[in-house]
Amino acid sequence: MAKPTVYRFCAGPWNFSEGQDPYGPPTRSPQSFDWKLSALKELGFEAMMFHDDDAVPDIDSKSSAQILKEAKELRKRLSGEGIVAEMVAPRLWFAPQTVDGAYTSNNKKHRQYAIDRSKRSIDIANVLGTDILVLWLAREGTYLREAKSGTRSVEYLVQAFDAMLGHDPKIRLAIEPKPNEPADVAYIPTIGHALAIAQLTRDPKRVGALIESAHAILAGLDPADEIDFAMAFKKLWSLHLNDQNGLKFDQDKPFGSNNLRVAFNQVRALERNGYGRRGEYVCFDVHPFRTTRPEHWLKHLGNSRDTFLRLVDKARSFPEAKAQALINDLNYQDLDQLVLNHLMGR
Ligand code: XLS
Ligand code: MG
């Protein structure tokens, strides 16, 4: 039997957010990048994930040479702290050019902006020593379906992915699907869509996925099934664990906060597929509650990790033989109770 996986953890600077939401300002004073980096260390996390402008602020106003210089400084800073860069993601939902889509905008110049910015993100990833470019396709969808052609949007996405794959022979694209928000309806809502569009690109084996629990739940799916599906294709290259209470705004709650059984099944899926054995990190895309006081600022991350590790114990100590006997007997009533009793500690 293979040795149990020793999981390694990761978070991004945005996961130390200040409490702002669409209806109100921050509730905690902003902290510097250095504060966030030392918070990550204090938590014992080993990696940080980056949007391109987390790594190089005000990226659009800087030359390529300047971007590379700042990325190199960051690399040095991270190595000094013993923290690894897990991925880089182009933030393609802020700039005026992305108001109506980035790669799928109806405006040619805006599509080019998105591709050029993605290439810069790849250059940053290279300097930071990661081969993963995460693509959360925030604005690749519509508010009105009549505003765009779905077929043409698929073609635009493939053209953009091909440009990125051509820019660097080693980069891997990890598509992070989400069905809605900020777009009304997105073009790549699920892992199935992400892996299907990968097949149309110039190098399908370098186009895979990142699963975020909340995004799968928003699509009405079980995140554990999404994990199994991606891993059946060996294409789960990163992971954003969190939780979500039903079909509403993206909540980024601590892992397991809303539904412990759904969280348990995600951990079981990771365990049975060997997630983490090829160097993948467990990232928590979680936010502190708005009410959080500064002295409790790191709890949502520490708590998510604690819940994750306790569920790893639960997955490893699950009475498999008993469960199998109940499955063979079609006694799903008792199987259900076996799971609940196991989770409740008996
Ligand atoms: C938003 C996404 C975003 C990505 C990285 O829901 O989770 O933060 O993870 O671009
Ligand atoms: Mg995410």
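Each ligand, and each atom within it, is numbered from 1 in the order the structure gives. The structure displayed is predicted, hence computed values, not measured ones.
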Original post:
When R91 is tested against each of D58, D54, D52 for salt bridge (Lys or Arg N to Asp or Glu O under 4.0 Å), which residue passes?
Top reply: D54
Name whichever N, O or S atom of [X] ends up nearest to the Mg ion (ligand 2).
X: D285; result: OD2
X: E176; result: OE2
X: H240; result: ND1
X: E212; result: OE1

Subject >> Side-chain touch N265/D225, heavy atoms, less than 4.5 angstrom >> reply: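 No, every pair of side-chain atoms sits at 4.5 Å or beyond.
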Original post:
Taking both backbone and side-chain atoms of W93, is any N or O found less than 3.5 Å from an N or O belonging to ligand 1?
Top reply: no
**OP:** Flag W136 as yes when one of its N or O atoms lies below 3.5 Å from any N or O atom of ligand 1, and as no otherwise.
**Re:**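 In this structure, W136 places no N or O atom under 3.5 Å from an N or O of ligand 1.
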Could you list which atoms of ligand 1 come closer than 4.0 Å to a heavy atom of [X]?
X: W14; value: 8 (O)
X: D250; value: 6 (O)
X: D285; value: 2 (C), 7 (O), 8 (O), 9 (O)
X: E212; value: 7 (O)

Between [Y] and [X], do the side chains contain a donor N or O and an acceptor N or O under 3.5 Å apart?
X: N242; Y: D252; value: yes
X: N258; Y: Q244; value: no
X: H167; Y: D123; value: yes
X: Y113; Y: D60; value: yes
X: D228; Y: N273; value: yes
X: Q333; Y: Q337; value: no

For [atom], closest protein heavy-atom neighbour:
atom: atom 6 (O) of ligand 1; answer: H215 NE2, 3.1 Å
atom: atom 2 (C) of ligand 1; answer: E176 OE2, 3.6 Å
atom: atom 10 (O) of ligand 1; answer: H51 NE2, 2.9 Å

Under-4.0 Å heavy-atom contact with ligand 1, by part of [X] that carries it:
X: D252; result: neither
X: R91; result: neither
X: M49; result: neither

Original post:
Taking the six-membered ring for Trp, are F9 and F45 parallel (under 30°), tilted (30 to 60°) or perpendicular (over 60°)?
Top reply: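 The rings of F9 and F45 sit tilted, inter-plane angle from 30° to 60°.
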**OP:** Identify whether the distance between the nearest side-chain nitrogen and carboxylate oxygen of E271 and R316 falls below 4.0 Å.
**Re:** yes
